[in-house]
Novice: 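Sharing a structure with you now.
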Number of protein chains: 2
Amino acid sequence: MDANSALNIYREQLKKYIDFNEAEWIIFSQHLSINQLKKKHYFAEPGKVCDKVAFMIIGTVRYYHIKDGQEITGYFSFENEFVTSYKSFLTGLPGLTYIQALEDCLLITFTHRDLDQMLANPMLAYKVEKFGRLVAEETIVCYEDRVASFITQTPEERYLQLYNTGKDILRRMPQHYIANYLGITPVSLSRIRRRVLTGVK
Amino acid sequence: MDANSALNIYREQLKKYIDFNEAEWIIFSQHLSINQLKKKHYFAEPGKVCDKVAFMIIGTVRYYHIKDGQEITGYFSFENEFVTSYKSFLTGLPGLTYIQALEDCLLITFTHRDLDQMLANPMLAYKVEKFGRLVAEETIVCYEDRVASFITQTPEERYLQLYNTGKDILRRMPQHYIANYLGITPVSLSRIRRRVLTGVK
DNA sequence: CCACTTTCTTATCTTTTGTTAACGTTTCCT
DNA sequence: AGGAAACGTTAACAAAAGATAAGAAAGTGG
């Protein structure tokens, strides 16, 4: 895919949040970079500041922590979703999360520095503020559901919910990552699946 | 406490996010209401749209769901924190959460309607956008940690973290609410406390 | 001030989950 | 193509958590 197609996809997807006119888009897009991220490479790593927000044109990533030497996968992002270690990006402090490409990715990114420049530019400030607000709010809606699922649901119920509202995760992610995402071990998920699928035991 | 003191506290606390000048504050504050919420009364209920955002001047609330006839407490808010059923407020759809006063509360609120009016007012729009973005981003930072704790920590580790970074929750909330907040049952929390405190078993 | 509720602990039993290891299959890589 | 790594399931055992009930202590509200 060429750079122009990627930018056009981005602009189209952004209309969900904000509609830039031509003049605004020209300035806005000057702050964008197109990046490739090869499979298994890292978009973010613990101990490093994540100073970029990416938008995934092609590819998938997973977010994971390491605890007691073990990888624990907490989240995934797919095409047409934003990718960043949000807390690190917002605070400017080193993050705790690996964000790793599971496939070759094509990303459109801007840095925190670029964001500051845009917010300081009267031609863009208002729309970029709104853009930031809307993306943040959308993220909160997801988090609210996710926290509620840990509080009110059993692992089996969380799996069933994922099974029903399915989305890409079940189809595209290996099961041991999904287990972590649900807050359980791969062995436990395998047992839950047997219970659910066979109705036995 | 009189209305003016409450509004002054609010204005002072808001400086963390945004600093209104006099002219702006006059308009902004016209969109605010001062509400009392008596102990055990509800700020939000499942099935109803939560169309207000509150700022807690005095008091505490808890957020809870009902599952299989049982209350499950998911969160708390204290003085100088915002209170709303965020998803319901943002989407305009009925929420799933009870938000109940645990003490008599003094709240400063604005409605979604008022927010829309402020965002449509050129004198306020930019600062209110920024205000909304910053509050949303702060919320995300909290959620990121909270989700990570469910993914990477055992219930005992979550309790210990709460014990160390303590805050008001341990001091001011009954233990069975805290248990829910940690994603476990009250009986289980009692056992964890014994393990932790006595080092036994 | 007394009855009532709430809160917390403890005990017992059941269920679920974690841990470790083994095994077959698939995928990856060079 | 062939060896290595990754993946999913299953088993056996240990550890933890859930469910339920009982009882004591503390707090609440007439």
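Sequence lines set the chain letters: A, B, ... in the order given, protein chains first and strands last, and positions in each chain run from 1.
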Novice: Measure from CD on A:E157 to C1' on C:dT16 and round the result to the nearest Å.
Specialist: 13 Å
Novice: Taking 4.0 Å as the cut-off, does a side-chain nitrogen or oxygen of A:R191 come that near to OP1 or OP2 on C:dT15?
Specialist: no
Novice: Could you state the atom-to-atom distance from CZ of A:F150 to C1' of D:dA17 in whole Å?
Specialist: 17 Å
Novice: For the residue pair A:N8 / A:S5, report whether a side-chain donor-acceptor contact shorter than 3.5 Å exists.
Specialist: no
Novice: Looking at A:R172 and A:E103, is any side-chain nitrogen of the basic one under 4.0 Å from a carboxylate oxygen of the acidic one?
Specialist: yes
Novice: Please test A:L102 against A:V61 for side-chain contact (heavy atoms from CB on, under 4.5 Å), starting from the C-alpha separation and ending with a verdict.
Specialist: CA-CA 5 Å; A:L102 295 175; A:V61 295; 5.8 Å; no
Novice: Reckon A:P155 touches a base, only the sugar-phosphate, or nothing at all at heavy-atom distances under 4.0 Å?
Specialist: sugar-phosphate
Novice: Would you mind checking if A:R113 and A:D116 are paired as a salt bridge, meaning a charged N to carboxylate O distance below 4.0 Å?
Specialist: no
Novice: Does a side-chain N-to-carboxylate-O contact under 4.0 Å join A:K16 and A:E81?
Specialist: no
Novice: Nearest-Å distance, OH (B:Y159) to C1' (C:dC8)?
Specialist: 13 Å
Novice: Using Watson-Crick and G-U wobble pairs with both distances under 3.5 Å, what is the 5'-to-3' dot-bracket string of DNA chain C, with [ ] for crossing pairs and | for pairs outside the strand?
Specialist: ||||||||||||||||||||||||||||||
Novice: Separation of A:N180 atom CG from C:dG18 atom C1', in whole Å?
Specialist: 13 Å
Novice: I need the CZ-P distance between A:R194 and D:dA11, as an integer number of Å.
Specialist: 6 Å
Novice: Within 45 degrees of the ring normal and closer than 6.0 Å to the centroid, is that where the cationic atom of A:R62 sits relative to A:Y177?
Specialist: yes
Novice: In terms of relative ring orientation, are A:Y42 and A:Y98 parallel, tilted or perpendicular, with 30° and 60° separating the classes?
Specialist: tilted
Novice: For A:R133, is there an ion pair with A:E129 - N to carboxylate O distance below 4.0 angstrom?
Specialist: no
Novice: Let me know the distance between CG of B:L182 and C1' of D:dA16, rounded to the nearest Å.
Specialist: 15 Å
Novice: CD of A:E103 versus P of C:dC28: gap in Å, rounded?
Specialist: 11 Å
Novice: Measure from the side chain of B:S188, starting at C-beta and using heavy atoms only, and say which of D:dC7, D:dT9, D:dA17 lies closest.
Specialist: D:dA17
Novice: What class does the angle between the rings of B:Y10 and B:F55 fall in, given that below 30° is parallel, 30 to 60° is tilted and above 60° is perpendicular?
Specialist: tilted
Novice: Within the sub-3.5 Å range, which N or O atoms of nucleotides 20-22 of chain C have a protein N or O partner, and how far apart are they?
Specialist:
none

Novice: Within the 4.0 Å heavy-atom criterion, would you say B:L189 contacts the bases, only the backbone, or no part of the nucleic acid?
Specialist: nothing
Novice: CG of B:D68 versus P of D:dT20: gap in Å, rounded?
Specialist: 11 Å
Novice: Check this for me: does any side-chain nitrogen of one of A:K87 and B:D145 sit under 4.0 Å from a carboxylate oxygen of the other?
Specialist: yes
Novice: Measuring to OP1 and OP2 of C:dT6, would you say a side-chain N or O of B:H176 lies under 4.0 angstrom away?
Specialist: no
Novice: Show me the protein contacts with nucleotides 24-30 of chain D, counting only N or O atoms at under 3.5 Å.
Specialist:
none

